[in-house]
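Report on the structure given below.
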Amino acid sequence: MKLLQRVNPTAAASLTALAVVVLLTASASRPSFLRRFEPSIASLPRAARRAAPADCDIFRGEWVPATAADDGAAPYYTNATCGEIQEHQNCMKYGRPDLGFLRWRWRPERCELPRFDAAAFLDLLRGKSMAFVGDSLSRNHMQSLLCLLSKVENPREVPKTADPEFRAVRYESHNFTVAVFRSPYLVTANQSDPAGGMWDLYLDEPDAAWATAVAGFDYVVVSTGIWFNRPTMFYERGRLVGCYSCRLPGVPDLTLRYSLPLAFRTALRALTAASVFNGTVIVRTLSPTSHFEGGEWDKGGDCRRTRPTAASEARMSGLDVDFHAAQVEEFRRAEAAAAASGSAVRMLLMDATAAMVARADGHPSRYGHWAHENVTLYNDCVHWCLPGPVDVWNEMLLQMLLRHQS
């Protein structure tokens, strides 16, 4: 196993079982050695159907080593058992050597977080529908869910629409539909200067790509964040009010801290309007934007860590602090407004940022393509490897649904 020569010898011994997964794409047939993983991939303890205690904050805790005792010796799925993994997040296929990043689980401070139970999830969502709305990390979240559910059922693709960024699948035996709507700003946005990367944001107009289409869904998971780093022009009531990084005479620079709160406010206001939606809105707080080390994303920055950051050292920093605070504040504002108006919409907060801050080791980095390929791609320290730490979002999601069954 030459692959393991680049890993610490102690870690290498424990990773041998996982390392073979990297080789799964080398053969069209199912290798016999994969059988050693099947008990963990194909079956989960029935105890996983239990909800975590109601008084346990599942969003505050630490990452601890997974053991065979808690069924953490192997991932939920691999690139051989799930066909939903996007190439750039397929870290196993492209030879990431330090597979120890898969051997950690999230443990809340006051309880144990049960493993994801695909059968329980599908039973709970029978006859329901769920939409993910946001940037490419929303798709990352959805793909994690599809991979987790693949041990029970593979869905049927819903016919394509005119929107190439829309995708929906249906689990026939459970009458459950999952869809993703790409809307990186949540509001109406047009790229006015592709060469310079400038975008026009209409901060008081919800994006038509999703705003009316989600009306019939039971659950909408909303999230975004990273796109607000880009140069943008801000419009309200059709009038230019400011910008971020535009350097235009007479246009005030309101900074990117101006746009994200207003975009969230507009999106959540649209969802809590009685005439639009009457299901459950789940706001997932941002995935960290600060995991690049040694430079910015376009200046050689990378994420080469091989284990989680210790809980005592894992802290939000920089822009993540402000973005996270703004998202939580806008969630609380929308929640209060919905309650005051008597809206039937239920608001839930998935405050997952703190857990993900510690997982700079969970990104694809350079392992989203073959090393010899002649491609121009930056190291990816934004999206998450599948399988990987991102699967905890769906462990949290299942617990939230169990706690708030209608």
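Position 1 is the first residue of the sequence, and the numbers go up from there. Everything quoted here is computed from the prediction, not taken from an experiment. Atoms considered below: every heavy atom in the structure, side chains included; atoms not considered: hydrogens, waters and symmetry mates.
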- Item | Validation row: Met92, Thr78 side chains within 4.5 angstrom (heavy atoms) | yes

- Query: How long is the gap from OG1 on Thr289 to CD1 on Ile226, to the nearest 0.5 Å?
  - Reply: 5.0 Å

- Query: Which pair of heavy atoms, one from Ile85 and one from Asn79, lies closest together, and at what distance?
  - Reply: CD1-CA, 3.8 Å

- Drop me the distance from Trp393's CH2 to Met142's CE, to the nearest 0.5 angstrom. 14.5 Å

- Task: Could you label the plane-to-plane angle of the Tyr235 and Tyr202 rings as parallel, tilted or perpendicular, counting under 30° as parallel and over 60° as perpendicular?
- Result: parallel

- Item | From Thr285, Val328, Asp320, Val321, residue fulfilling side-chain contact (heavy atoms from CB on, under 4.5 Å) relative to Thr353 | Thr285

- Decide side-chain hydrogen bond (donor to acceptor under 3.5 Å, both in side chains) for Gln89 and Tyr94; before the verdict, give the C-alpha distance in whole Å, the side-chain angles of both, and the deciding distance to 0.1 Å. CA-CA 9 Å; Gln89 285 92 59; Tyr94 292 112; over 6 Å; no

- dist His291:NE2 -> Asn379:CG (nearest 0.5 Å) comes out at 15.0 Å

- Please determine if Arg110 and Asp57 form a salt bridge, counting it only when a charged side-chain N lies under 4.0 Å from a carboxylate O. no

- Side chain to side chain, Leu149 and Leu122, heavy atoms closer than 4.5 Å: yes

- Pair Ser144-Asn394, side-chain donor/acceptor within less than 3.5 Å: yes

- Short side-chain to backbone donor-acceptor contact, Arg105 and Glu112, under 3.5 Å: no

- Query: More than 12 foreign heavy atoms under 6.0 Å from CZ of Arg307: is that the case here?
  - Reply: no

- Task: Please say whether more than 12 non-hydrogen atoms of neighbouring residues, nucleotides or ligands are located less than 6.0 Å from CZ in Arg305.
- Result: no

- From Glu84, Gln86, Arg167, residue fulfilling side chain to side chain donor-acceptor pair (under 3.5 Å) relative to Gln143: Gln86

- Just wondering, do Leu268 and Leu186 contact through their side chains at under 4.5 Å, heavy atoms? no

- Under 3.5 Å, side chain of Glu313 to main-chain N/O of Ala310, donor-acceptor pair present? no

- Item | Shortest non-hydrogen contact between Ala354 and Phe59, atoms and distance | CB-O, 4.2 Å

- Task: Starting from the C-alpha separation in whole Å, work towards a yes-or-no answer on salt bridge (Lys or Arg N to Asp or Glu O under 4.0 Å) for Glu109 and Arg60.
- Result: CA-CA 6 Å; Glu109 293 175 350; Arg60 297 293 174 266; over 6 Å; no

- Quick one: does Asp218's side chain get under 4.5 Å of Leu125's, heavy atoms only? no

- Minimum side-chain heavy-atom gap Pro364-Trp384 below 4.5 Å: no

- So, Glu62 side chain and Arg107 main chain: donor-acceptor pair closer than 3.5 Å or not? no

- Distance, nearest 0.5 Å, that separates OG of Ser192 from CE of Met233: 7.0 Å

- Task: Answer yes if the ring centres of Phe116 and Phe121 are under 6.0 angstrom apart, and no otherwise.
- Result: yes

- Item | Leu286 CG to Phe264 CZ distance, which is reported to the nearest 0.5 Å | 8.0 Å

- Message: Between His383 and Ser136, is there a side-chain donor-acceptor contact under 3.5 Å, judged purely by atom types and distance?
- Response: yes

- Message: Measuring centre to centre across the rings, with the benzene-like ring taken for any Trp, is Phe277 within less than 6.0 Å of Phe217?
- Response: no

- Apply the test salt bridge (Lys or Arg N to Asp or Glu O under 4.0 Å) to residues Arg332 and Glu329: give CA-CA distance (whole Å), side-chain angles for both, the deciding distance (0.1 Å), then the verdict. CA-CA 5 Å; Arg332 298 301 180 200; Glu329 180 179 350; over 6 Å; no

- Message: When you compare the side chain of Leu137 with that of Arg284, does any pair of heavy atoms fall below 4.5 Å?
- Response: yes

- Step-by-step side-chain contact (heavy atoms from CB on, under 4.5 Å) determination, Thr67 to Arg103: CA-CA 8 Å; Thr67 66; Arg103 290 182 177 271; over 6 Å; no

- Item | Heavy-atom check, side chain of Val220 versus side chain of Met130, under 4.5 Å | no

- Is it true that a side-chain atom of Thr266 and a backbone atom of Glu205 form a donor plus acceptor pair closer than 3.5 Å? no

- Query: Just checking, any donor-acceptor pair under 3.5 angstrom between side chains of Tyr171 and Asn154?
  - Reply: no

- Mind checking whether Trp227 and Trp199 have parallel, tilted or perpendicular rings, split at 30° and 60°? perpendicular

- Task: Evaluate the criterion side-chain hydrogen bond (donor to acceptor under 3.5 Å, both in side chains) for residue pair Ser223 and Ser138; output intermediate values, then yes/no.
- Result: CA-CA 7 Å; Ser223 63; Ser138 289; 3.0 Å; yes

- Task: Would you check, one step at a time, whether the test salt bridge (Lys or Arg N to Asp or Glu O under 4.0 Å) holds for Glu157 with Arg170?
- Result: CA-CA 6 Å; Glu157 199 82 21; Arg170 182 179 178 82; over 6 Å; no

- Is there a side-chain contact between Val357 and Thr309, using heavy atoms and a 4.5 Å cut-off? no

- Message: Check for me whether the distance between the ring centres of Tyr258 and Phe234 falls short of 6.0 Å.
- Response: yes

- Query: Applying the ring pair (Phe, Tyr, Trp, His ring centres under 6.0 Å) test to Trp63, which of Trp104, Phe101, Trp106 qualifies?
  - Reply: Trp106

- Task: Go through the steps to decide whether Glu335 and Arg346 satisfy the test salt bridge (Lys or Arg N to Asp or Glu O under 4.0 Å), and finish with yes or no.
- Result: CA-CA 8 Å; Glu335 183 181 43; Arg346 180 167 54 184; over 6 Å; no

- Query: Which heavy atom in Ser183 sits nearest to a heavy atom in Asp207, and how many Å separate them?
  - Reply: OG-OD2, 2.8 Å

- Is the backbone of Val133 close enough, under 3.5 Å, to the side chain of Arg182 for a donor and an acceptor to pair up by distance? no

- Message: Tell me the closest heavy-atom pair linking Gly216 and Ser129, and the distance in Å.
- Response: O-OG, 3.7 Å

- Message: Taking Ser173's backbone N and O only, do any of them form a donor-acceptor pair with Arg126's side chain (distance below 3.5 Å, no angle check)?
- Response: yes

- Query: At their closest point, which heavy atom of Pro155 faces which heavy atom of Val169, and how far apart are they?
  - Reply: CB-CB, 3.7 Å

- Report yes or no: do Asp98 and Thr306 form a side-chain donor-acceptor pair below 3.5 Å? no

- Show the numbers, then the answer: is there a side-chain contact (heavy atoms from CB on, under 4.5 Å) between Val180 and Phe166? CA-CA 6 Å; Val180 62; Phe166 168 80; over 6 Å; no

- Query: Could you state the interatomic distance from CG (Asn229) to CG (Leu319), rounded to the nearest 0.5 Å?
  - Reply: 5.5 Å

- Which pair of non-hydrogen atoms, one from Ala338 and one from Val345, has the smallest distance, and what is that distance? CB-O, 4.5 Å

- Query: What do the steps show when you test Arg304 against Asp361 for side-chain contact (heavy atoms from CB on, under 4.5 Å), and what is the final call?
  - Reply: CA-CA 7 Å; Arg304 303 289 296 277; Asp361 61 319; over 6 Å; no

- Item | Test log, rule side-chain contact (heavy atoms from CB on, under 4.5 Å), inputs Leu262 and Asp204 | CA-CA 7 Å; Leu262 288 183; Asp204 52 357; over 6 Å; no

